[in-house]
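Following: one structure in structure tokens, then a few remarks.
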Amino acid sequence: MAVSLGGRAARRLRLLLSALKPGIQVPRVRPVAAFGSSVTSAKAAVNGVHLHYLRTGGGEHAVLLLPGMLGAQVPPAARTLPSAPGDAGGETDFGPQIENLNKKLFTVVAWDPRGYGHSRPPDRDFPVDFFERDAKDAIDLMKTLNFKKVSLLGWSDGGITALIAAARYPSYVSKMVIWGANAYVTEQDTEIYQGIRDVSKWSERTRKPLEALYGFDYFARTCEKWVDGIEQFKHLPDGSICRDLLPLVQCPTLIMHGEKDPLVPRFHADFLHRHVRGSRFHLMPEGKHNLHLRFADEFNKLAEDFLR
């Protein structure tokens, strides 16, 4: 995106970049104490790769947290780097959920999809079926960890992955909460994606922690590859990512959306609500893309009440 953006476009890009949630590096995988309760950090061999995940709580109801692009799950207690300006204490993509979701009711697992965070190697790539691959990895991870069924909380790309997982594995998914997700790609979306292609134009406070986690070259290259990967869908019929799968979703589904989300326009949430049978919809008027962080208490209560 050119530096000489007009006022409205520049403001939208600033809002978009502020919504991205950075991760912070950890030196090695190990059990740690974080968030005031035990959080286990480990890896599991799944589908030929080693997937990193955090696990906390001891409830019977298993809940998997699925992150967005470049998402990484890192407990604050394991951090080795100082806070970047504006860094929110080194919490993960799901810090308030790992900390505050009911540990007696839920066992919470938060994972790094292959190529992200500490699920490396391999490097992240984006074949046309990368969301399908992530969905299979996510379900197979939970089966490897011996969970009989699972509920899904999916943010952004993780929301798309959750939709596909729920459609493909209906007997295994109990309930689902998604936000910041879309089932297809439009020209308006591709304009937004092109605005984040060049990470050197991101704000320093958003860019620096991701550089610390990934190194600048991998971070920059992966973001560019993500833009190309998500734009593949624009050339498919109806720009579909997973719109044909929505009627196959059988589990109770809660769709949340931030009215001020600069990355995913409102019409995507409305489309999901119309096409996921029996779904509920909750709009946060002041919410942006990271509404589960900015309005964590409200989000957690809504999610917990829905999952019970």
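Sequential numbering from 1 along the given sequence is applied to the chain's residues.
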Practice item. Please determine, by modelled atom types, if His268 and Asp189 share a side-chain donor-acceptor pair under 3.5 angstrom. Key: yes

**Study point:** Lys/Arg N to Asp/Glu carboxylate O, Arg133 vs Asp129, below 4.0 Å
**Key:** no

Exercise for review: Decide yes or no for Arg294 and Lys288: does some side-chain heavy atom of the first lie under 4.5 Å from some side-chain heavy atom of the second?
Suggested key: no

**Study point:** Side chain to side chain, Met69 and Ile196, heavy atoms closer than 4.5 Å
**Key:** yes

Review point. Which pair of non-hydrogen atoms, one from Gly71 and one from Asp93, has the smallest distance, and what is that distance?
Key: CA-OD2, 3.1 Å

Review point. Looking at Ser151 and Ser174, what are the two nearest heavy atoms and their distance?
Key: OG-CB, 3.5 Å

Review point. Listed by chain and number, what are the salt bridge (Lys or Arg N to Asp or Glu O under 4.0 Å) partners of Asp134, not counting sequence neighbours?
Key: Arg124

Review point. Rounded to the nearest 0.5 Å, what separation is found between the CH2 atom of Trp202 and the CZ atom of Arg197?
Key: 12.5 Å

**Study point:** 4.5 Å side-chain heavy-atom contact, Gln97 and Asn300
**Key:** yes

Study note, to complete from the structure: On a heavy-atom basis, the closest approach of Ser279 and Ile255 is OG-CD1, 3.8 Å

**Study point:** Non-hydrogen side-chain atoms of Gln194 and Glu231 separated by less than 4.5 Å
**Key:** yes

Review point. So do the side chains of Leu105 and His61 get within less than 4.5 Å of each other, counting heavy atoms only?
Key: no

Practice item. Report the residue from Ile178, Val249, Asn182 that forms a side chain to side chain contact (heavy atoms under 4.5 Å, CB included) with Leu272. Key: Ile178

**Study point:** Between Ser200 and Asp198, a side-chain donor and acceptor under 3.5 Å
**Key:** yes

Check your understanding: Taking NZ, NE, NH1 and NH2 as the nitrogens, is one of them in Glu211 or Lys208 under 4.0 Å from a carboxylate oxygen of the other?
Key -> yes

Point to revise | Whether Tyr218 and Tyr214 hold their rings parallel, tilted or perpendicular, with breakpoints at 30° and 60° | key: parallel

Check your understanding: Do the non-hydrogen side-chain atoms of Arg168 and Glu132 ever get within less than 4.5 Å of each other?
Key -> yes

Check your understanding: Does His118 offer a backbone N or O that forms a donor-acceptor pair with the side chain of His50 under 3.5 Å?
Key -> no

**Study point:** Shortest non-hydrogen separation from Phe147 to Ala62 and the atoms involved
**Key:** CD2-CB, 3.4 Å

Review point. Closest heavy-atom contact between Gly117 and Asp112?
Key: CA-OD2, 3.6 Å

Revision key, fill the gap. Nearest heavy-atom contact between Ala166 and Val173 is CA-CG2, 3.9 Å

Check your understanding: Above 12 or not: heavy atoms from other molecules or residues under 6.0 Å from CZ of Arg274?
Key -> yes

Practice item. Would you check if there is a donor-acceptor pair between the side chains of Asp137 and Trp111 at a distance under 3.5 Å? Key: no

Review point. Does any non-hydrogen side-chain atom of Leu163 lie less than 4.5 Å from one of Met176?
Key: yes

Check your understanding: Is the distance between the ring centroids of Phe94 and His292 under 6.0 Å?
Key -> yes

Check your understanding: With a cut-off of 6.0 Å (strictly less than), are more than 12 heavy atoms of other residues, nucleotides or ligands near CG of Asp297?
Key -> no

Point to revise | Aromatic centroids of Phe295 and Phe299 separated by under 6.0 Å | key: no

Review point. Side-chain contact, heavy-atom cut-off 4.5 Å: Leu291 with Asp261?
Key: no

